[in-house]
Amino acid sequence: MEFEFNVVTVAFFVFSFITLAGGYAVVTAKNLFRGTIWLMMSLFGVSGLYLTLSAPFLAAVQILVYIGAIAILFTFAVMLTRSLTNLRDLYVRPQINLVGAVLLFVLIVVGVILPLFAANPQPPVSDEVIRTVDLGVALASGNGFVIPFEVASLLLTAAMIGAIVIARDTDDLV
Amino acid sequence: MTVLNEWAFIGVFAIMAPIFPALPILIAAILRPKKPNILKSQTYECGVETVGDTWVQFRVQYYLYGLVFLVFDVEMVFLFPWAMAYSQLDLFAFGAGFLFIFLLADALIYAWRKEVLAWR
Amino acid sequence: MDCTGLCEALYRGGMDQGLAQFLSIFAGVLFVSGVPLVTVIFLIWVERKVAARIQDRIGPNRVGPFGLLQTFADLIKLLLKEDITPTSADRLLYNLAPLVSFASVILIWAVIPYTPYHYGADLEIGVLYFVAVASLGTLAIMTAGWASNNKYALLGAFRVVALLVSYEIPLVFSLLIPVMLAGSMSLLDIVFAQSGMWFVFLSPLAAVLFFISSQAETGRAPFDLIEAESELVAGFNIEYSGMKFGMFFAAEFLHVFTNAVLITILFFGGWLGLLWNEPIIAFLWLGIKSALFYFVSLWIRNTVPRLRIDQVMNFNWFFLVPLSIILLLVTSGVVMIFKTVGLVPLDAAGNMQLAGANLFDMLPLTLALLAVNALMIAPILNRWRNIGREARLANERRQQARMASPAVGD
């Protein structure tokens, strides 16, 4: 595979670095709020990676949903948990963590990375440029993905109702 | 390849955007006086010394607003392509969109009935 | 990447192509961001003058002619102010928040088309882009409130963020209508689609919803819970001083004007007007229309009292959100009926095509949508009138009762 050095490559490395650095900061952060902010940095990097793959819609969705909504939800949730914002050395058990990390790494290598190399090195890429409009046509036309479209709505409805049932204050209902 | 050009512009813009506010702050950092003392750098709570931890437990209400917002935000992800393609679609698409929004409106009505959206 | 305009000139002049491309993009960024940055300096003066006139004052008139240099004086003052960081603050996030807050507003300008020929980037997902970028500002406020480690700041941030996320729902729902009519999320395409008829005539309610919720997004009165002085001292930015406070302030000013420009582009035809093919005239049209909406938002800010948090939230969840959902459903229904019947401008493939349509072709759809909007507005106005009437009658009765019965020791 020829290694081409251009803007996209540089962008890929920059965004990968942001993603990984953010991820590292999340797991090392002792403070839940800071952890949320680093998580958002990591997800921002992922949205950049979507851009390098020419998927601007997904990139915008990533920012809109994760940084716009989930970050806010996380901070609200962090504030719900009493005295958890300053995690001291509560969960530090080096040996168990090390074993877990190594096991997970082996699992990822065996399950995800090796199969990628084993398979056809040239992944099937369509020359067709898919625009966001095409996504809309696919979602809402009769021979497209209209059933997943409706199921998504149903799922969202179920999620919202479920969360309300769980999170609602029951003691001071008027 | 023009698409890439547009995003290169956004990329440069995104790098520049925090620099615009950072510049005056940096200039101010050079010019301004720096005489901190213990009293000055205390937390300001109307002159009274601050009591207890700031990062206390908040009400579940905020979380519920965040959650309902998240659900609507994810809904937007589906509705934007739908609206974009609407001029090319037929009556069937209207039905699909109607059902989609209607199902979510259901969840909203449920939230109303359970009185979780009224500020208390 | 293609290389035209400035890039081409530099390349012809013997520069490396990559460098030429970068420089041309860089120059573009400076131009596109220069417009709002210069405008905001002037707008702060306009805002203070307008506020002064509304409050029957003169306003700044000492520094420079008509007080025009007042903003620069303020800038110098802010530069020389001591910047106090509380010891208990989370320093990194504390310093990061004002940067993100300002950047989130200025980044919106990357997709704003100034004229048909001058724009930063014509993104396919322009509308989604500016909603996504603006949501960074919400996170910045949350971060500022949390990192200050101050009870008022955190409580203020929580309230504001709850307000911002709530008002984003009607905002985005009202955005879906121009997107649906134009069949594109590119702001350039949305303006071109209004060449026959501005979208405000197709959906006045959506324009109103967008205006109200974008006003709320800036945290201005009547939604200024951000700085409810009497309750929260100054809200999330209480611990900020000097230039860092100035950046939150500038971001707010800029956001108000950005919203005025956005509503112009989305609903009032952007640069469209007489002789819009000339870039300068097109730019002037955009400026004039935006200035009008900027003035309206100043007007509202200076005349309407602040609402309580429960009023603001209930107004959103029990009025704006359902109204925006119903509006979207009704509008999409009417558009689809008219498209099926064939009473809208169609292109060769039979798709709805508003760009380049003339006034006459647009009339049936416009009249139908206007009628539907009027049908939706009428009961609301009627209900509001009744609420006002009942309140007035109750007040009168109370006064009469007080007049009738002699005062008992009060």
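We use all heavy atoms of the structure for the numbers below, so side chains are in, but hydrogens, waters and symmetry mates are not. A note on names: the letters A, B, ... follow the listed sequences, proteins ahead of strands, and every chain is numbered from 1.
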What do you reckon, is [atom1] of [X] surrounded by more than 12 foreign heavy atoms closer than 6.0 Å?
X	atom1	result
A/Tyr66	OH	no
C/Tyr94	OH	yes
C/Phe318	CZ	yes
A/Leu103	CG	yes
C/Phe26	CZ	no
A/Phe74	CZ	no

I'd like to check C/Leu136 versus A/Met40 (side-chain heavy atoms, cut-off strictly below 4.5 Å). Are they in contact?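 No, too far: nothing below the 4.5 Å cut-off.
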
Quick one: [atom1] on [X] to [atom2] on [Y], what's the gap to the nearest 0.5 Å?
X	Y	atom1	atom2	result
C/Tyr129	A/Ile63	OH	CD1	8.5 Å
C/Trp146	A/Asn31	CH2	CG	3.5 Å
A/Phe33	C/Asp90	CZ	CG	8.5 Å
A/Thr36	C/Leu139	OG1	CG	9.0 Å

In terms of heavy-atom proximity below 4.5 Å to chain A, should C/Val131 be classed as side chain, backbone, both, or neither?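 When you check distances to chain A, atoms from both the backbone and side chain of C/Val131 fall under 4.5 Å.
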
Less than 4.5 Å to any heavy atom of chain A: does that hold for the side chain of C/Leu96, its backbone, both, or neither?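 Neither the backbone nor the side chain of C/Leu96 comes within 4.5 Å of chain A.
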
For residues C/Phe158 and A/Thr75, report the shortest heavy-atom separation together with the two atoms involved.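 So the minimum-distance heavy-atom pair works out to CZ-O, 4.2 Å.
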
With a 4.5 angstrom heavy-atom cut-off, is it the side chain or the backbone of A/Ile37 that approaches chain C, or both, or neither?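 Contact with chain C: side chain only.
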
Quick check for you: among C/Ala132, C/Gly137, C/Ser184, which has the greatest number of heavy-atom pairs under 4.5 Å with chain A?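 Counting heavy-atom pairs under 4.5 Å, the top option is C/Ala132.
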
Under a 4.5 Å heavy-atom cutoff, which of A/Ile67, A/Val65, A/Thr132, A/Val61 has the most pairs with chain C?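 Highest number of pairs under 4.5 Å: A/Thr132.
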
